[in-house]
Protein chains: 2
Amino acid sequence: MLAKSTEYAIRAMVYVQLQNWKVKRPGVVEIAHEIEAPEAYTAKILQTLARHQLLLSMKGRGGGFFYENNNSSATLFDIIHVMEGDGIFHKCGFGLKNCNSENPCPLHNRYLIVRNEFFNISKTETIASLSNNILEGKATLNRITAAY
Amino acid sequence: MLAKSTEYAIRAMVYVQLQNWKVKRPGVVEIAHEIEAPEAYTAKILQTLARHQLLLSMKGRGGGFFYENNNSSATLFDIIHVMEGDGIFHKCGFGLKNCNSENPCPLHNRYLIVRNEFFNISKTETIASLSNNILEGKATLNRITAAY
DNA sequence: TTATTAAATGATATTAAGGTCTTTTTATAA
DNA sequence: TTATAAAAAGACCTTAATATCATTTAATAA
């Protein structure tokens, strides 16, 4: 469904949120390790996110990644949009170029339900809301249920 | 969502079905052209489908692709399974390796709804049912609403 | 029984996603 | 004011998906 780089991006942002709530600003090495992603690649992704101001960064000693007011209200949609565009919310399930309600592919109506449901989720879930599930012990970021 | 090759596969099988209902057995060149896919690549995909017996083929003069009794009850699931495996029905939306109801990612429950809905569609829609939408004029295979 | 038609096979090429490495810039503590 | 820590930037590498091409196999009409 999502590109691997988008998954890394979301996981990274959630981890930064959890640390930020503890008034910490994790760096690339720590983040990559915690979300089980390659270090250099994670750095690239964090740069992209920072460039688009989905998170803030500080260079030098004591630097790292964080959010304004230690809180991120970025939606999944925002992150997906920056990482891979919004094709996923528009593409026809059959791969047709001009598929729409006027000229639908054989799968159009049923696929629309799936796509819209995912769109809904993407627009309502934020880094803060997702991170809160972890804070409350209802979910985890990795196989080891770490204490954040 | 689906790999491009899977989309080509589904479109190809639908086109074969439409022709088969007219007791015709289209060949690679015709199929590729009609579904707007590259010829040689379409040939590869048809071979894969034939090898897995999702369709039948005949070599030589008057040869082409067709179904037993000119009808295909293959589901979308069958085709997806052969073309790209069933990762799409199992993968975690967050990209976690061990995400399940016991150890859920923050998105688990909401993503499950999307995945299950798509699974449902894949298990209930068949090449025949999809093709029938076109036969009845309710849908199309390409931008030009061709008469099949 | 041969020419022709069409699919199968296998090798190769191209493109995009995923990933690494080195150098540069910026911040801060000593 | 210098050494050090950390992110930014850019060049490069690897892998998988997509796509092409040449050759072989099989079927049938003449």
Side-chain angles (χ1 to χ4, degrees), chain A residues 1-13 15-16 19-20 24-67 80 82-85 87-88 91 95, chain B residues 1-13 15-16 19-20 24-67 80 82-85 87-88 91 95:
Chain A
M1 188 96 200
L2 294 176
K4 220 169 186 180
S5 48
T6 308
E7 293 174 354
Y8 290 158
I10 298 168
R11 300 220 298 273
M13 286 188 67
Y15 180 72
V16 170
Q19 293 307 303
N20 240 223
K24 287 180 183 172
R25 296 181 170 183
V28 170
V29 176
E30 177 184 341
I31 296 170
H33 179 255
E34 288 294 328
I35 69 171
E36 305 183 80
E39 222 174 90
Y41 197 46
T42 302
K44 269 277 129 79
I45 288 164
L46 287 167
Q47 275 168 43
T48 301
L49 295 170
R51 208 177 322 115
H52 287 89
Q53 313 188 319
L54 288 180
L55 50 63
L56 304 175
S57 68
M58 278 284 283
K59 285 184 180 181
R61 256 178 210 234
F65 295 88
F66 61 100
Y67 302 114
I80 294 168
V82 156
M83 294 303 297
E84 56 180 281
I88 196 174
K91 256 203 85 215
Chain B
M1 189 99 201
L2 295 175
K4 220 167 183 180
S5 49
T6 308
E7 293 174 353
Y8 290 159
I10 298 168
R11 299 220 299 272
M13 287 188 66
Y15 181 74
V16 170
Q19 293 307 304
N20 241 224
K24 286 182 185 173
R25 298 181 169 184
V28 170
V29 176
E30 177 184 342
I31 296 170
H33 178 254
E34 288 294 327
I35 68 172
E36 304 183 82
E39 223 173 89
Y41 196 48
T42 301
K44 271 275 131 77
I45 288 164
L46 288 167
Q47 276 166 43
T48 300
L49 295 170
R51 208 178 321 117
H52 287 89
Q53 312 187 321
L54 289 180
L55 48 64
L56 305 173
S57 67
M58 278 285 283
K59 285 185 181 180
R61 253 176 216 241
F65 296 90
F66 60 99
Y67 303 113
I80 293 169
V82 156
M83 295 302 298
E84 56 181 283
I88 195 175
K91 255 204 85 211

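Just so we're on the same page: letters track the sequence lines, and every chain starts at 1.
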Looking only at side-chain atoms of [X], point me to the closest of [options].
X: A:P38; options: C:dT20, C:dG18, C:dA6; value: C:dT20
X: B:R61; options: C:dG19, C:dT5, D:dA19; value: C:dT5
X: A:A50; options: D:dA8, C:dG18, D:dT18; value: D:dA8

Problem set entry | Check against side chain to side chain contact (heavy atoms under 4.5 Å, CB included), B:H33 and B:V29 | CA-CA 6 Å; B:H33 178 254; B:V29 176; 5.6 Å; no
For [X] and [N], what is the distance between atoms [atom1] and [atom2] respectively, to the nearest whole Å?
X: B:M58; N: C:dA7; atom1: CE; atom2: P; answer: 11 Å
X: A:F65; N: C:dT26; atom1: CZ; atom2: P; answer: 16 Å
X: A:R25; N: D:dA5; atom1: CZ; atom2: C1'; answer: 15 Å
X: B:K44; N: C:dT9; atom1: NZ; atom2: P; answer: 10 Å
X: B:L56; N: D:dA26; atom1: CG; atom2: P; answer: 17 Å
X: B:E39; N: D:dC21; atom1: CD; atom2: C1'; answer: 12 Å
X: A:M83; N: C:dA16; atom1: CE; atom2: P; answer: 17 Å

For this session: Using a cut-off of strictly less than 4.0 Å, decide whether B:Y8 has a side-chain nitrogen or oxygen near OP1 or OP2 of D:dT18.
Result: no
Seminar exercise, completed: The answer to which of A:R51 and A:G62 contacts DNA chain D further toward the 5' end, by nearest nucleotide, is A:G62
Exercise. Can you check side chain to side chain contact (heavy atoms under 4.5 Å, CB included) on A:N20 and A:F65, steps first, answer last?
Worked result: CA-CA 9 Å; A:N20 240 223; A:F65 295 88; over 6 Å; no
For this session: Would you please test A:Q19 and A:V16 for side chain to side chain contact (heavy atoms under 4.5 Å, CB included) and show each step?
Result: CA-CA 5 Å; A:Q19 293 307 303; A:V16 170; 5.9 Å; no
Problem set entry | Ion pair A:E30/A:K24, N-O distance below 4.0 Å | no
